[in-house]
Asks: 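First the structure, which I've put down as structure tokens, then a few questions once you've had a look.
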Amino acid sequence: MRFQAPRGTEDCLPGQSDRWIWLEGEFRALASLYGYKEIRTPTFEDTELFVRSSGETSDIVSKQMYSFQDKGERNITLKPEGTAPAIRALIEHNLCPQGSVCRLSYVTPIFRYERPQKGRLRESHQVGLELIGSPSARADAEIIEATVRFYERIGIDEVEVSLNSIGRDECRAAFRAAILKHMGGYLSGQPAEVQERAEKNPLRLLDSKDPDVQAALLGLPPITDFLESDSKERFKDLQRMLHEAGVKVRVAPDIVRGLDYYTETVFEVQSTRLGSQSALCGGGRYDNLVKELGGSATPAVGVAMGIERALIVLEDMQQGPGPHNPDAFIVIATPAAKETCHRLARELRTAGLVILMDYDDRSMKSQLKMADRESARFAVLIGDDELAKGVATVRTLASSEQREVPLAGLSQVLRGHS
RNA sequence: GCGGUUGUAGCUCAGGGGUUAGAGCGCCUGACUGUGGCUCAGGAGGCCGGCGGUUCAAGACCGCUCAGCCGCCCCA
């Protein structure tokens, strides 16, 4: 029996892991610049947590969750997103007492049962930021700006943020009614399933790519026309702040997001390099969620960014760091030098250098070949001659220059300080 | 979940019913016995995704299945 990784999952292979580690490092560095503290929550949660937060009619809850009953008959779900668990923990541990502000970051796998495609996996990974406790448009601006700075930092520049406001509950109710009224003629001819969905969450009709749906939507005023005046004001403020921050924004009345917990600001960043799965990240304000999950009414705003998708874009742009290459490969030139070579490797590693060598008595030629293939910066050769003189022959692989270096000064030379 | 498409060596791909399945790159060995890359010569490496069927004969044709990819849906 030969096994393969389950459908929609990926192994992160040695050739890729440096890029992952780098990207997560860049994210953590950026998050800490803004004062975010990392939170790590369980891989699985009570199923009800996600039903409550994302909404019964959301795609995630209605068809994409990895849910099961454990041996204690608890209903468990592998987390399909990062916000709800973070907020659950925030409430459980009272991380954001009334009147305070709390900044959380996370790096997490997420699980969604979908038909896999490039950039769409059943297990994927996200990094995210949550700013809890501030109702200010400044908070929205911080999240969006930090998102853009993150992409700039890793080499994805010129990102454009698609921005919308869906207002508060009152406005959305009015808008829902308007959609249903406007679409009434179209909907009556549709399958029951479509009608039902439209009934439950008419907003989801807006981002449909179906030309018929789009045609039926023609003439419908944008949701921003339905915003309460303070929401309108707030949306304008946000745009002004982002403009001042040099963040490019496109107001996109069609983006509504798939999760029910969003209020007011919603946004996403897309890339044309991603094909059909075009969103790099998505986020927005969720002023009702903390209360919905049992906390006290607390405003919040956040973003979740897909790691795989960012890496796909970087790869397409041929950006990102190369692999970490060894500093030196120690070559055993004659059998007598073996022990000296192993001792030297120990010493150099202790000194913080990345050292490779052969353990299988390969020919010197083959050892040099290995050094070359591993892209070591130096080959350090020790044989009878070097033993006699108490030196090593240090060969710079790129230039083929070599010279003798006393063993005592070796780590300095390999560091490139001389 | 729907529609399409593709699975042959580590990688990229030829072969479209008929001996022992090929190429390029990569890998190993040697030419070069203490010097990598370049060149040349040799070598290793294949459940032709899996299961079943048609046939004298299947990598090829048919069915099912698994997986990747593209579009839809949705989104990270």
Side-chain angles (χ1 to χ4, degrees), chain A residues 1-10 13 15 54 57-64 79-83 106-128 147 191 193-194 197 201 204-205 207-211 213 255-259 266 268-271 274-283 303-313 329 331-337 358 360 362-387 393-402:
Chain A
M1 178 73 184
R2 283 181 62 117
F3 293 99
Q4 56 190 166
R7 181 163 208 210
T9 67
E10 267 178 353
L13 299 174
S54 299
T57 61
S58 65
D59 272 43
I60 287 182
V61 171
S62 59
K63 44 193 182 196
Q64 298 179 343
K79 56 172 143 174
E81 57 113 12
T83 299
Y106 60 82
V107 178
T108 184
I110 61 164
F111 305 86
R112 294 184 197 176
Y113 190 90
E114 293 190 272
R115 181 143 163 184
Q117 236 171 283
K118 194 187 188 78
R120 186 167 79 183
L121 296 161
R122 290 182 175 178
E123 179 186 27
S124 69
H125 299 79
Q126 292 185 339
V127 296
T147 300
E193 192 188 307
V194 175
R197 197 172 103 176
N201 196 346
R204 303 266 312 282
L205 289 168
D207 55 7
S208 170
K209 285 173 201 158
D210 183 338
V213 176
I255 83 158
V256 295
R257 315 253 80 233
L259 305 178
V266 292
E268 58 184 56
V269 172
Q270 306 206 343
S271 170
L274 281 172
S276 165
Q277 310 306 317
S278 58
L280 265 176
C281 71
V303 62
M305 307 177 243
I307 296 181
E308 285 87 350
R309 289 188 186 181
L311 289 172
I312 288 170
V313 170
F329 194 104
V331 174
I332 305 165
T334 60
D358 165 58
D360 302 300
R362 283 174 221 267
S363 69
M364 180 166 165
K365 187 186 181 65
S366 137
Q367 291 180 61
L368 274 155
K369 211 172 221 175
M370 287 169 82
D372 189 48
R373 207 175 30 244
E374 300 284 354
S375 303
R377 210 144 57 90
F378 299 104
V380 174
L381 288 71
I382 302 181
D384 295 347
D385 297 351
E386 286 83 358
L387 284 181
T393 298
V394 174
R395 182 176 178 87
T396 306
L397 269 329
S399 62
S400 299
E401 291 163 337
Q402 66 182 43

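From a predicted model like this one, the values you see are computed outputs, not experimental measurements. In what follows, every chain begins at residue 1, and chains take the letters A, B, ... in the order their sequences are listed.
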Asks: For A:Gly119, report the nucleic acid contact type (base, sugar-phosphate, nothing); a contact means any heavy atom under 4.0 Å.
Replies: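 Result for A:Gly119 = base.
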Asks: Under 4.0 Å from OP1 or OP2 of B:C74: is there any side-chain N or O of A:Gln64 that close?
Replies: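 A:Gln64 to B:C74 OP1/OP2: no side-chain N or O under 4.0 Å.
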Asks: In this structure, how many angstroms lie between the C1' atom of B:C28 and the CG atom of A:Asp358, rounded?
Replies: 14 Å
Asks: Among the nucleotides B:U35, B:C69, B:C74, which one has an atom lying closest to any side-chain atom of A:Asp59?
Replies: B:C74
Asks: Within the 3.5 Å criterion, strictly below it, is a donor on A:Glu123 or A:Thr9 matched to an acceptor on the partner's side chain?
Replies: no
Asks: Write down the distance separating the C1' atoms in B:C27 and B:G36, rounded off to the nearest Å.
Replies: 15 Å
Asks: Contact class for A:Ala376 (heavy atom, under 4.0 Å): base, sugar-phosphate, or nothing?
Replies: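 Nothing, no nucleic acid heavy atom in range.
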Asks: Where the side chain of A:Arg112 is concerned, which of B:C70, B:C66, B:A76 is the nearest nucleotide?
Replies: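 Given the options B:C70, B:C66, B:A76, the side chain of A:Arg112 is closest to B:A76.
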Asks: Report yes if a donor N or O on one partner sits less than 3.5 Å from an acceptor N or O on the other, where the partners are the side chain of A:Glu114 and the base of B:A76; otherwise report no.
Replies: yes
Asks: Less than 4.5 Å apart, any side-chain heavy atom of A:Tyr113 and any of A:Lys63?
Replies: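 Not touching, per the 4.5 Å side-chain cut-off.
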Asks: Pick base, sugar-phosphate or nothing for A:Ile307, based on heavy-atom distances below 4.0 Å to the nucleic acid.
Replies: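 Counting heavy atoms under 4.0 Å across all strands, no contact is made by A:Ile307.
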Asks: In whole Å, what separates the P atom of B:A23 from that of B:G45?
Replies: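 My reading of the P atoms in B:A23 and B:G45 gives 14 Å.
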Asks: Tell me what A:Gln402 touches on the nucleic acid: a base, only sugar-phosphate, or nothing, going by heavy atoms under 4.0 Å.
Replies: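 Here A:Gln402 touches the bases of the nucleic acid.
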Asks: Is A:Gly383 touching bases, backbone alone, or none of the nucleic acid, heavy atoms closer than 4.0 Å?
Replies: base
Asks: How does RNA chain B read in dot-bracket, base by base from 5' to 3', with Watson-Crick or G-U pairs under 3.5 Å and | used when the partner is on another strand?
Replies: (((((((..((((....[...)))).(((((.......))))).....(((((..]....))))))))))))....
Asks: Counting side-chain heavy atoms from CB outward, which of B:G34, B:C75, B:U35 is closest to A:Ala279?
Replies: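 From the listed options, B:C75 comes nearest.
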Asks: Counting side-chain heavy atoms from C-beta on, which of B:A76, B:G68, B:G34 comes nearest to A:Ala304?
Replies: B:A76
Asks: Any donor-acceptor pair, under 3.5 Å, between the side chain of A:Arg373 and the base of B:G37, if you only look at N and O atoms?
Replies: no
Asks: Round to a whole Å and report the spacing from CE of A:Met370 to P of B:U35.
Replies: 18 Å
Asks: Give a yes or no answer on whether the side chain of A:Glu308 reaches the backbone of A:His125 with a donor-acceptor pair at less than 3.5 Å.
Replies: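 Flag set: sc A:Glu308 to bb A:His125 pair under 3.5 Å.
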Asks: Tabulate atom names and distances for all N/O pairs under 3.5 angstrom spanning the protein and nucleotides 3-7 of chain B.
Replies:
unit_1: B:G3; atom_1: O6; unit_2: A:Arg115; atom_2: NH2; d: 2.7
unit_1: B:G4; atom_1: O6; unit_2: A:Arg115; atom_2: NH2; d: 3.2

Asks: At less than 4.0 Å, is any side-chain N or O atom of A:Ser276 found next to OP1 or OP2 of B:C72? Yes or no.
Replies: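 Yes, such a contact exists.
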Asks: Hey, which of A:Gln270, A:Arg309, A:Lys118 is the one that makes side-chain contact (heavy atoms from CB on, under 4.5 Å) with A:Gln277?
Replies: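 The option that passes is A:Arg309.
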Asks: Base, sugar-phosphate or nothing for A:Gly15? Non-hydrogen atoms, less than 4.0 Å.
Replies: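 Result for A:Gly15 = nothing.
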Asks: Looking for any heavy atom pair under 4.0 Å, which part of the strands does A:Leu121 touch: base, sugar-phosphate only, or nothing?
Replies: base
Asks: If you only use heavy atoms from C-beta on, which nucleotide in B:U29, B:A76, B:C69 is closest to the side chain of A:Ser366?
Replies: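 Closest nucleotide to the A:Ser366 side chain: B:U29.
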Asks: Provide the distance between the two P atoms, one in B:C48 and one in B:G10, to the nearest whole Å.
Replies: 12 Å
Asks: In whole Å, measure the gap between the C1' atoms of B:C13 and B:G46 for me.
Replies: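 One C1' to the other, the span is 15 Å.
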Asks: Between the base of B:A76 and the side chain of A:Arg120, is there a donor-acceptor distance below 3.5 Å?
Replies: no
Asks: Let's see if you can work this out: which of B:G34, B:C69, B:A67 has an atom nearest to the side-chain heavy atoms of A:Thr334?
Replies: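 Nearest listed nucleotide: B:G34.
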Asks: Are A:Gln64 and A:Pro80 side-chain neighbours, meaning at least one heavy-atom pair lies under 4.5 Å?
Replies: no
Asks: With rounding to the closest Å, how many angstrom separate the P atoms on B:C66 and B:G24?
Replies: 37 Å
Asks: Just how far is it from atom CZ of A:Arg112 to atom OG of A:Ser124, taken to the nearest 0.5 Å?
Replies: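 Rounded to the nearest 0.5 Å, the CZ-OG separation comes out at 6.5 Å.
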Asks: Please give the distance between the C1' atoms of B:A31 and B:C38 as a whole number of Å.
Replies: 14 Å
Asks: So, OP1 or OP2 of B:G68: does either fall under 4.0 Å of a side-chain N or O from A:Arg7?
Replies: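 Yes, because at least one side-chain N or O of A:Arg7 sits under 4.0 Å from OP1 or OP2 of B:G68.
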Asks: Any idea which of B:A76, B:G71, B:C74 is nearest the A:Gln117 side chain?
Replies: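 Of the options given, the side chain of A:Gln117 lies nearest B:G71.
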Asks: Measuring from the side chain of A:Gln4 (C-beta onward, heavy atoms only), which nucleotide among B:C66, B:G34, B:C70 has the closest atom?
Replies: B:C66
Asks: Under 4.0 Å, heavy atoms only, any strand: does A:Phe111 hit a base, just the sugar-phosphate, or nothing?
Replies: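 Nothing, no heavy atom under 4.0 Å.
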Asks: Report the distance from atom CD of A:Glu10 to atom C1' of B:C69, rounded to the nearest whole Å.
Replies: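 Interatomic distance, CD of A:Glu10 to C1' of B:C69: 13 Å.
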Asks: Would you check if A:Lys369 and A:Arg362 make a side-chain contact, meaning some heavy-atom pair closer than 4.5 Å?
Replies: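 A:Lys369 does not reach A:Arg362 side chain to side chain.
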Asks: Does A:Lys365 make a side-chain donor-acceptor contact with the base of B:C32, cut-off 3.5 Å?
Replies: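 Counting by modelled atom types and ignoring angles, a donor-acceptor contact under 3.5 Å is found here.
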Asks: P atom, B:A67 versus B:U55: distance in rounded Å?
Replies: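 Looking at atom P only, B:A67 and B:U55 are 31 Å apart.
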Asks: Would you indicate what A:Gln277 reaches in the nucleic acid, counting non-hydrogen atoms under 4.0 angstrom: base, sugar-phosphate, or nothing?
Replies: base
Asks: Considering every strand and a 4.0 Å limit on heavy-atom distances, what is the contact class for A:Glu374: base, sugar-phosphate, or nothing?
Replies: nothing
Asks: How many whole angstroms separate atom CG of A:Asp360 from atom P of B:C28?
Replies: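 It works out to 13 Å between those atoms.
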Asks: Rounded to the nearest 0.5 Å, what's the gap from CZ on A:Phe329 to CG on A:Leu381? Could you check?
Replies: 10.5 Å
Asks: Expressed in whole Å, how much space separates the C1' atoms belonging to B:A14 and B:U6?
Replies: 15 Å
